Amino acid sequence: MEKRSLSIAGHRTSMALEPEFWTALETMAAERDLSLAALIRDIDERRTTANLSSAARLAVLRWYQDQAVTGG
């Protein structure tokens with residue numbers, strides 16, 4: 001696990017994720033032309049789970065599923 005601190009919507013938060021998830025989030029952010037913090041803020045605003053780390057993992061899963069369907 002790798003723990004990182006981010007500023008999201010004016011407050012500091014920390015998330016612990018496996019390095020592979022951080023890499024995927026960085027790739028997602030680059031693809032959307034967003035900073036990592038902006039991507040995490042978007043995930044935070046849309047999440048339906050209580051835990052931000054879980055929401056981030058689910059966002060990565062959905063992104064890879066979409067990539068598999070679209071071939072992209």
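What you see is a predicted model, and the numbers here were worked out from it, not measured in a lab.
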[atom1]/[X] to [atom2]/[Y] distance, rounded to the nearest 0.5 angstrom?
{"X": "L34", "Y": "R41", "atom1": "CG", "atom2": "CZ", "value": "8.0 Å"}
{"X": "I40", "Y": "I43", "atom1": "CD1", "atom2": "CD1", "value": "4.5 Å"}
{"X": "L36", "Y": "T27", "atom1": "CG", "atom2": "OG1", "value": "10.5 Å"}

Tell me the closest heavy-atom pair linking [X] and [Y], and the distance in Å.
{"X": "M28", "Y": "A59", "value": "CE-O, 3.9 Å"}
{"X": "A56", "Y": "L17", "value": "CB-CD1, 4.2 Å"}
{"X": "A37", "Y": "I8", "value": "O-CG1, 4.3 Å"}
{"X": "A24", "Y": "V60", "value": "CB-CG1, 3.6 Å"}
{"X": "A29", "Y": "S35", "value": "CB-O, 3.9 Å"}

Quick one: list whatever passes side chain to side chain contact (heavy atoms under 4.5 Å, CB included) with [X], sequence neighbours left out.
{"X": "Q65", "value": "L61, R62"}
{"X": "S5", "value": "R12, S14"}
{"X": "E18", "value": "M1, E20, F21, R57"}
{"X": "A30", "value": "none"}

task: Identify, with sequence neighbours excluded, every residue that meets salt bridge (charged side-chain N to carboxylate O under 4.0 Å, His left out) alongside R47.
output: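 Residues passing salt bridge (charged side-chain N to carboxylate O under 4.0 Å, His left out) with R47: D44.
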
message: Grouping I, L, V, M, F, W and Y whenever their side-chain heavy atoms are under 4.5 Å apart, do L52 and L25 come out in a common cluster?
response: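 Yes; tracing contacts between hydrophobic side chains, which count when under 4.5 Å, links both residues.
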
task: Output yes when a side-chain donor or acceptor of W22 lies under 3.5 Å from a complementary backbone atom of E2, and no otherwise.
output: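 Present.
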
